[in-house]
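Reading through the structure tokens given below for one structure.
We count residues from 1, following the sequence as given. Note that the coordinates shown come from a computational prediction; the quantities given were computed from them, not determined experimentally. For ligands, and for the atoms within them, numbers begin at 1 and follow the listed sequence.
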Amino acid sequence: MQNLRCWAEIDLAALERNLNKIRSALPEGIQYISVVKADAYGHGIHPTAARLMQTGVDLFAVANVKEAIDIREMGTGWPILILGPLLKEEDEAIIEYDLIPSLSNEEELTRFSKLAHAEGRSIEVHLKIDTGMGRMGCWWEHAPKLIDKVLSSKDIDLQGVLTHFPIPQDSEFTDQQRENFLSVIKPALIQNPDLLVHADNSSSLQTMHRNSPFNGIRVGLLQFGIAPPRDSALADIHVEPVLSFHSRLALVKDLPKGASISYGCEKILERDSRIGVIAAGYGDAIPLHCGGKAMALINQKSYPIVGRVTMDQTLIDLTDSENEPQAGEMVTFIGKQNNAHIGLSELAKHGNTIEWELLCSITKRVPRVYLTKRE
Ligand SMILES: *Cc1c(COP(=O)(O)O)cnc(C)c1O
């Protein structure tokens with residue numbers, strides 16, 4: 001990393017270990033749907049999906065057609081589910097790249113049926129049912145009519161049904177969602193007992209009991225090693241972070257008490273200070289407002305970030321250092337330096353954001369460095 005100013009290191013062996021751990025914690029027969037939208041949560045779709053393919057997933061799920069094509073071009077062995085709605089101009093890609101759309105309404109049913117008919121084949125779909133997310137899917141009370149139509153269509157091959165949980169920590173709300181969902185999908189299950197039935201994501205992983213109709217989970221964040229909430233069914237499997245984020249100290253300088261720091265002069269030095277200038281800012285991924293709260297590691301010691309983060313640089317207070325960090329040294333915002341550690345969740349919290357958004361905010365300017373060793 002000698003010539004890098006700022007980089008994200010992606011440990012593919014950790015991804016592999018996480019996947020294996022999650023899979024072995026699941027009851028038998030549960031399909032693992034690996035969610036790799038948004039460039040595999042910022043980890044880079046190609047190396048990430050390749051390792052997931054080698055380790056073994058049952059399906060991939062992405063947000064849109066473009067992401068689905070990215071995976072399909074790597075190989076043909078995996079079903080690819082598109083979680084988001086398709087624009088009608090994108091429908092052709094279902095055929096060309098052999099993709100599985102999520103279906104929400106009759107208009108889509110008509111579109112997909114026509115397309116299938118014109119091609120002389122059927123189209124596989126997963127039917128999405130809205131039980132409280134208010135986003136995709138057919139509202140559950142309206143779903144029986146749509147399900148009927150899907151089941152009686154020769155052009156449409158119903159492979160799966162899904163819903164989504166907006167507030168899994170509220171078990172009462174979520175249980176009600178499960179109940180409403182299961183009550184309306186009954187006819188589909190009778191017609192096809194092998195239907196893939198899925199709802200849980202990383203923060204709502206319930207161990208699925210035997211005889212539960214749920215037989216799939218959609219795992220995104222958890223496989224990248226961000227721990228689920230403590231009350232989740234898989235909270236004690238100890239996944240490891242896959243991504244770490246580093247930069248370098250580019251400049252060290254002394255400033256007198258009373259000097260102001262960064263835009264807005266929100267920080268005024270209360271003592272003579274040594275300030276370090278780090279070669280990464282919000283133009284890379286450092287949250288704009290984490291100054292005064294977040295820390296960064298140099299030589300296994302943590303130092304406070306001070307003042308407003310700028311586009312290209314972040315300032316750090318080195319006054320209390322024992323070993324006088326020098327320009328050129330590595331700075332870790334997310335990850336480990338021996339026993340010292342800063343979690344992605346910690347930086348996200350101090351930046352007033354969530355883990356998912358922080359990962360998505362790692363920009364193109366940040367090279368991804370892959371550790372490719374296999375287990
Ligand atoms: C992103 C997404 C997931 C994965 O969620 P995680 O919390 O990252 O595991 C699952 N289902 C849908 C519909 C999604 O959009």
Exercise. Starting from atom 11 (N) of ligand 1, locate the nearest protein heavy atom and write down its residue, its atom name and how far away it is, to 0.1 Å.
Key: Arg218 NE, 2.8 Å

Exercise. Identify whether the distance between the nearest side-chain nitrogen and carboxylate oxygen of Arg178 and Asp200 falls below 4.0 Å.
Key: yes

Quiz item: Would you say ligand 1 has an N or O under 3.5 Å from any N or O of Leu222?
Solution: no

Quiz item: Below 4.5 Å, heavy atoms only, C-beta onward: do Leu109 and Ile156 meet side chain to side chain?
Solution: yes

Quiz prompt | Region of Lys128 engaging ligand 1 - heavy atom pairs below 4.0 Å | solution = side chain

Exercise. Evaluate the side-chain proximity of Leu86 to Ile94: yes if any heavy-atom separation is below 4.5 Å, no if none is.
Key: yes

Quiz item: So, Ser244 versus His246: side-chain donor-acceptor pair below 3.5 Å or not?
Solution: yes

Quiz item: Is Arg135 touching ligand 1 with its side chain, its backbone, both, or neither, if touching means heavy atoms under 4.0 Å apart?
Solution: side chain

Quiz item: Hey, which atoms in ligand 1 end up nearer than 4.0 Å to a heavy atom of Leu83?
Solution: 12 (C), 14 (C), 15 (O)

Quiz item: For atom 7 (O) of ligand 1, what's the nearest protein heavy atom and its distance?
Solution: Asn201 ND2, 3.0 Å

Practice problem: May I ask you to identify the nearest protein heavy atom to atom 15 (O) of ligand 1, giving residue, atom name and distance to one decimal place in Å? | Solution: Lys37 NZ, 2.6 Å

Quiz item: Do His198 and Phe214 make the cut of ring centroids closer than 6.0 angstrom?
Solution: no

Quiz item: Which protein heavy atom lies closest to atom 9 (O) of ligand 1, and at what distance to 0.1 Å?
Solution: Ser202 OG, 2.5 Å

Self-check item: Glu106, CD: over 12 other non-hydrogen atoms inside 6.0 angstrom
Solution: yes

Self-check item: N or O pair under 3.5 Å between Leu221 and ligand 1
Solution: yes

Quiz item: Looking only at N/O atoms, are Ser203 and ligand 1 under 3.5 Å apart anywhere?
Solution: no

Quiz item: Side-chain contact, heavy-atom cut-off 4.5 Å: Met136 with Pro85?
Solution: yes

Exercise. Find out whether the Lys NZ or Arg CZ of Lys114 is both under 6.0 angstrom from the six-membered ring centre of Phe112 and within 45° of the ring's axis.
Key: no

Self-check item: Closest protein heavy atom to atom 12 (C) of ligand 1, given as residue, atom name and distance to 0.1 Å
Solution: His164 CE1, 3.3 Å

Self-check item: Atom pair CG/CG of Leu12 and Leu19 - distance to nearest 0.5 Å
Solution: 12.0 Å

Quiz item: Quick one: nearest non-hydrogen protein atom to atom 8 (O) of ligand 1, plus distance?
Solution: Tyr41 OH, 2.6 Å

Quiz item: Under a heavy-atom criterion of less than 4.0 Å, does His198 contact ligand 1?
Solution: no

